[in-house]
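Read through the structure below, which is laid out as structure tokens, and then see the notes.
Naming convention: chains lettered A, B, ... in sequence-line order (proteins, then strands); numbering from 1 in each chain.
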There are 2 protein chains.
Amino acid sequence: MADRSQYEELARQISAIGAVKRGLARVLPAQCPSGSAAALALVGRYGEMRMSRLAELLAVDMSVTSRHVAHVVDRGWIERSPDPDDRRSRILRITPAGEELLDDMARRTTDMFARTLKDWTDEDVGLLNTLLARLRDCVTEKEVHGYDHTNRCAGRPRQDT
Amino acid sequence: MADRSQYEELARQISAIGAVKRGLARVLPAQCPSGSAAALALVGRYGEMRMSRLAELLAVDMSVTSRHVAHVVDRGWIERSPDPDDRRSRILRITPAGEELLDDMARRTTDMFARTLKDWTDEDVGLLNTLLARLRDCVTEKEVHGYDHTNRCAGRPRQDT
DNA sequence: TATTGTTATACTCTATAACTATA
DNA sequence: TATAGTTATAGAGTATAACAATA
């Protein structure tokens, strides 16, 4: 358990991370705002999935997911077909045009980071990724399932100090 | 310099951190939305400052800062007095009521983290804080001072294409 | 002329609630 | 009845631009 002042600092860091997020959004093409880009990236990377799964990965409400998906479907980057196993559901799949756009966006964002994080090592970036994944997992698990999940935080096997 | 796939992963982590941010926002009192809370916290912890300094610490445009500050000033949590040294500027200072609210909010957010990050060590949290501060610093420095502005078309927030 | 700060406007992201269709 | 997904609506956060006052 960390000191309270560390938690206060973490709250400030989280609330200030928006600046980085906006830096990332600025390098995206105008036709694909960051919410749509996130949806496209997840469908592109994890493969075909249903709306509910995507909403879970995006960590937003399904109504929000629905809007983002509608945007990318309208532009032909994702294909939304009925699920034969459950006709209430729809299967999302990236299209060739979507793959092309996704590659382009990945190139832009990695270029941005390669430029701005020039002096970070691979380990630095990897560590930050791990900690962020673990943070999100802990906070969202707690929100959903209530109170005692002390041993469920993912991201890496804990080493007892 | 890190591997490109690490950068792609970082982009996804950053875009998903909103879930944590919203978890934080949910524990705040309804009268004080997260933008105002951030402004109050910075003035409360760093002491009196001018609008421009607060905008820098918040990492948002001064117009946005102005709105958040107006909100907290209206509610008597921050006092906004003219700067005798430069009458264009205004000095922000937290009020006793603001201190009280800030203490309450700090208690709520640290309680939330103490509950959800129960198995994180002080070093874990400290390391994440350090990496986040460094990340923000690198990204925002580049935006302002960096050499490559080819993607920063003036007057337009995004690239086309 | 340049800088500090405010206001008007517009856009993105988000959740809640009401709704449709299917299980 | 319950669940998957859509749409309407409302609220928060943000940036740009036009503006006022002062340096």
Side-chain angles (χ1 to χ4, degrees), chain A residues 14-26 28-39 49-56 58-74 78 80-92 140 143, chain B residues 14-26 28-39 49-56 58-74 78 80-92 140 143-144 152-158:
Chain A
I14 297 294
S15 89
I17 205 66
V20 178
K21 214 168 179 173
R22 293 191 298 279
L24 219 35
R26 259 191 293 279
L28 297 178
Q31 298 76 20
C32 192
S34 63
S36 303
M49 64 182 75
R50 306 202 294 186
M51 291 293 302
S52 49
R53 168 72 174 142
L54 179 58
E56 189 187 318
L58 286 171
V60 298
D61 192 85
M62 193 152 58
S63 65
V64 177
T65 307
S66 185
R67 277 184 47 134
H68 292 322
V69 167
H71 184 270
V72 292
V73 167
D74 285 350
I78 278 184
R80 188 169 43 178
S81 39
D83 181 346
D85 295 340
D86 182 342
R87 275 152 50 219
R88 296 171 303 180
S89 296
R90 309 175 81 167
I91 302 287
L92 308 175
T140 58
E143 285 179 325
Chain B
I14 297 293
S15 90
I17 205 66
V20 177
K21 214 166 177 173
R22 293 192 298 280
L24 219 36
R26 260 191 291 280
L28 298 179
Q31 300 77 18
C32 192
S34 64
S36 302
M49 65 181 74
R50 306 202 293 187
M51 292 292 302
S52 51
R53 168 72 174 143
L54 178 58
E56 189 188 318
L58 286 171
V60 298
D61 191 85
M62 194 154 55
S63 65
V64 177
T65 307
S66 185
R67 278 182 51 131
H68 292 324
V69 167
H71 184 270
V72 293
V73 167
D74 285 351
I78 278 184
R80 188 169 42 177
S81 39
D83 181 348
D85 294 341
D86 182 342
R87 277 153 47 216
R88 293 173 303 183
S89 297
R90 310 175 80 167
I91 302 289
L92 308 175
T140 57
E143 285 181 324
V144 177
R152 294 195 69 249
C153 309
R156 201 172 47 198
R158 294 172 182 279

(message) Nearest whole Å is fine: how far is C/dT12 P from A/Q31 CD?
(response) 11 Å
(message) Could you tell me how far apart A/R22 (CZ) and C/dC11 (C1') are, to the nearest whole angstrom?
(response) 14 Å
(request) Could you state the atom-to-atom distance from CZ of B/R87 to P of D/dT22 in whole Å? (result) 6 Å
(message) It should be established whether A/H68 places a side-chain nitrogen or oxygen under 4.0 Å from OP1 or OP2 of nucleotide C/dT12.
(response) no
(message) Quick one, B/V69 and B/R80 - any side-chain contact, counting heavy atoms below 4.5 Å?
(response) yes
(request) Please report, rounded to the nearest Å, how far the P atom of C/dA21 is from the CG atom of A/D85. (result) 22 Å
(message) Any heavy-atom pair between the side chains of B/R90 and B/S81 that's under 4.5 Å?
(response) no
(message) Using side-chain heavy atoms (C-beta onward) and a distance below 4.5 Å, is A/P82 in contact with A/R87?
(response) no
(message) Could you tell me how far apart A/I17 (CD1) and D/dT14 (C1') are, to the nearest whole angstrom?
(response) 16 Å
(request) Heavy atoms only: give me the nearest A/L58-A/A39 pair and the separation to one decimal. (result) CD2-N, 3.9 Å
(message) Could you tell me how far apart A/D74 (CG) and D/dT6 (P) are, to the nearest whole angstrom?
(response) 11 Å
(message) Within the structure provided, determine whether A/P33 and A/H71 are in side-chain contact (heavy-atom separation under 4.5 Å).
(response) yes
(request) Give the B/S/- string for nucleotides 5-10 of chain C, one per nucleotide from 5' to 3', where a protein heavy atom under 4.0 Å of the base yields B, of only the sugar-phosphate yields S, and otherwise -. (result) BBB---
(message) How many whole angstroms separate atom CZ of B/R26 from atom P of C/dA15?
(response) 8 Å
(message) Rounded to whole Å, please give me the gap between CG in A/L58 and P in C/dA15.
(response) 10 Å
(message) Using a heavy-atom cut-off of 4.0 Å across all strands, would you classify A/D83 as base, sugar-phosphate, or nothing?
(response) nothing
(request) Determine, for A/R50 against A/D83, whether the closest basic-nitrogen to carboxylate-oxygen distance falls under 4.0 angstrom. (result) yes
